[in-house]
Enquirer: 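Dumping the structure here so I can ask a few things about it.
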Amino acid sequence: MRWLWLANIEAFVHAQSSPELLAVLAEGQRRSRRMVAAQLAGVPEDEVAQEDVRALGSVHLALLSGVMVQALTDEEQAPTGRELVRGLRRMVELLEESVPTDG
């Protein structure tokens, strides 16, 4: 799997000087957001809500790329799945605490 992650990072770097490659990668990310959102929501890709594509799909890709970089940089300290879930839950708690309530 490591070779695939490295190839992805190399492609992103090369895409910065290649508009054609950048367009291909961008389209791939758009498709990935939709696919992941549909899988997480348990609906076919053509039925997934655009809000879920932007929210669920984008968050999933952000987590994936972030964990990928952490694992490539310091594999022993990269977060586990349980740690990611715990962190996401804690983040939601903190965000909910900071939102003012009506009343």
Enquirer: Using atom types as modelled, flag every donor-acceptor pair under 3.5 Å from a side chain in residues 16-30 to any protein atom, sequence neighbours excluded.
Expert:
from  : atom 1 : to    : atom 2 : distance (Å)
Gln16 : NE2    : Phe12 : O      : 3.1
Ser17 : OG     : His14 : O      : 3.2
Ser18 : OG     : Leu21 : N      : 3.2
Glu27 : OE1    : Arg30 : NH1    : 3.2

Enquirer: Which residues satisfy the side-chain hydrogen bond (donor to acceptor under 3.5 Å, both in side chains) test with Arg90, sequence neighbours excluded?
Expert: Glu93
Enquirer: Pair up each side-chain donor or acceptor in residues 40-51 with any protein partner under 3.5 Å, not counting sequence neighbours, and list the distances.
Expert:
from  : atom 1 : to    : atom 2 : distance (Å)
Gln50 : OE1    : Arg34 : NH2    : 3.0

Enquirer: side-chain hydrogen bond (donor to acceptor under 3.5 Å, both in side chains) with Ser98: which residues, sequence neighbours excluded?
Expert: none
Enquirer: Among Leu61, Leu63, Leu56, which residue meets the side-chain contact (heavy atoms from CB on, under 4.5 Å) test with Val59?
Expert: Leu63
Enquirer: Ignoring hydrogens and angles, write down the donor-acceptor pairs under 3.5 Å from the side chains of residues 68-76, residues two or more places apart or on other chains.
Expert:
from  : atom 1 : to    : atom 2 : distance (Å)
Thr73 : OG1    : Val69 : O      : 2.7

Enquirer: Report the residues that fulfil side-chain contact (heavy atoms from CB on, under 4.5 Å) with Met1, sequence neighbours left out, ordered by chain and then residue number.
Expert: Leu4, Trp5
Enquirer: Under 4.5 Å between side-chain heavy atoms, counting indirect links through other Ile/Leu/Val/Met/Phe/Trp/Tyr residues: same cluster for Trp3 and Leu6 or not?
Expert: yes
